[in-house]
Protein chains: 2
Amino acid sequence: MKLENIEVTSTSEEHLPSGCAAVRAVLSRVGDKWTVLTVITLAQRPYRFNELKRSITGISQRMLTLTLRSMERDGLVSRKVTPSNPPRVDYELTGLGHSLRAPLQSLGEWAFKHFHTIEQSRAAFDKLL
Amino acid sequence: MKLENIEVTSTSEEHLPSGCAAVRAVLSRVGDKWTVLTVITLAQRPYRFNELKRSITGISQRMLTLTLRSMERDGLVSRKVTPSNPPRVDYELTGLGHSLRAPLQSLGEWAFKHFHTIEQSRAAFDKLL
DNA sequence: CGGAATCCATGTCGATACTG
DNA sequence: CAGTATCGACATGGATTCCG
């Protein structure tokens with residue numbers, strides 16, 4: 001179940017729809033900036049809705065709602081409602097959500113290590129146009 | 001995916017503003033399924049344009065062009081033109097492009113390990129609606 | 001063969017307003 | 001406080017056509 005399997009699905013004659021679908025599903029989730037920022041934020045402790053909204057600068061109420069909904073659907077976060085007045089809803093990373101931190105971290109480290117090179121490459125490329 | 005002009009106020013190990021910008025830039029690239037599939041395909045050997053188009057099932061000519069262009073701009077792939085008849089253009093992963101494979105692999109492994117759980121979670125979630 | 005350019009459908013997202 | 005509903009702007013991406 002290593003990368004070789006994934007490579008096979010996209011490069012050999014045999015196409016495994018389930019594998020491709022899984023990879024794409026994960027990537028579309030990980031590629032979403034709001035999902036990532038939410039994971040990073042919730043990695044520390046549970047947050048309430050507006051608390052998250054304040055922490056994740058720039059996110060709209062709509063996108064936070066949609067992001068949390070789909071993350072809950074995927075089992076990445078849990079939603080705890082306390083029917084008080086005012087109402088209180090806490091969001092928390094599940095075990096699955098926490099397990100996503102490690103691969104995210106390796107990606108983050110790659111970014112940190114190479115983004116300077118990438119920026120220079122971009123500048124050089126754009127200079128020729 | 002536009003990821004510019006975002007401020008993150010959450011705290012984590014890699015939380016410097018520059019680091020956050022780098023992470024977002026990388027994620028916007030990794031989140032693009034065509035970029036990932038291109039990296040995976042080119043991981044094995046150089047490919048020609050239409051060869052890539054055939055290997056990456058479902059990609060349109062337009063998206064392949066755009067994907068290769070931006071990857072070249074970022075220094076992830078190199079483009080070698082052989083002015084013959086018919087013209088020949090080879091694309092190849094650069095060292096930087098190859099270095100992206102490792103973090104991508106950890107993400108792919110996460111996907112393989114957990115996509116069953118995620119699908120079940122989705123089914124269970126949707127059942128309640 | 002390896003593109004570039006155009007058209008157009010669909011999707012994504014932010015702003016705003018309203019609700020329990 | 002924690003959402004839902006709606007709208008319009010903009011980005012994405014496929015299909016098609018043309019070209020050296």
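All values below were derived from every heavy atom in this structure, side-chain atoms included, with hydrogens, water molecules and symmetry-related copies excluded. Numbers restart at 1 for each chain; the letters A, B, ... are given by sequence-line order, proteins then strands.
Judged by distance alone with a 3.5 Å cut-off, no donor-acceptor contact links the side chain of Glu51(A) to the base of dA2(D).
Classified by interplanar angle (parallel below 30°, tilted 30° to 60°, perpendicular above 60°), the ring pair His114(A)/Trp110(A) is tilted.
Comparing atom distances between the Val89(A) side chain and each of dG3(D), dG14(C), dG14(D) picks out dG3(D) as nearest. Closest contact between the side chain of Met63(A) and the listed nucleotides dG3(C), dG3(D), dC13(C) involves dC13(C). Side-chain proximity of Arg62(B) to the nucleotides dG13(D), dA4(C), dG3(D) is greatest for dG13(D). Looking at the side chain of Arg69(A), the nearest of the listed nucleotides dG14(D), dG3(D), dC1(D) is dG3(D). In the set dG3(C), dG20(C), dT4(D), dG20(C) carries the atom at the smallest distance from any side-chain atom of Pro87(A).
Leu66(A) places its CG atom 13 Å from the C1' atom of dT6(D), with the value rounded to the nearest Å. Atom NZ of Lys53(B) and atom C1' of dG2(C) are 11 Å apart (whole Å). Put simply, CG on Leu64(A) is 14 Å from P on dA15(C), counting in whole angstrom units.
A donor and an acceptor atom, one from each side chain of Ser106(A) and Ser106(B), are located under 3.5 Å apart.
Of the side-chain N and O atoms in Arg79(A), one or more sit less than 4.0 angstrom from OP1 or OP2 of dG3(D). In this model, the phosphate group of dG3(D) is approached by a side-chain N or O of Tyr91(A) to a distance below 4.0 Å at OP1 or OP2.
Of the options Arg101(B), Arg29(B), His98(B), a side-chain contact (heavy atoms from CB on, under 4.5 Å) to Val39(B) is made by Arg101(B) and by none of the others.
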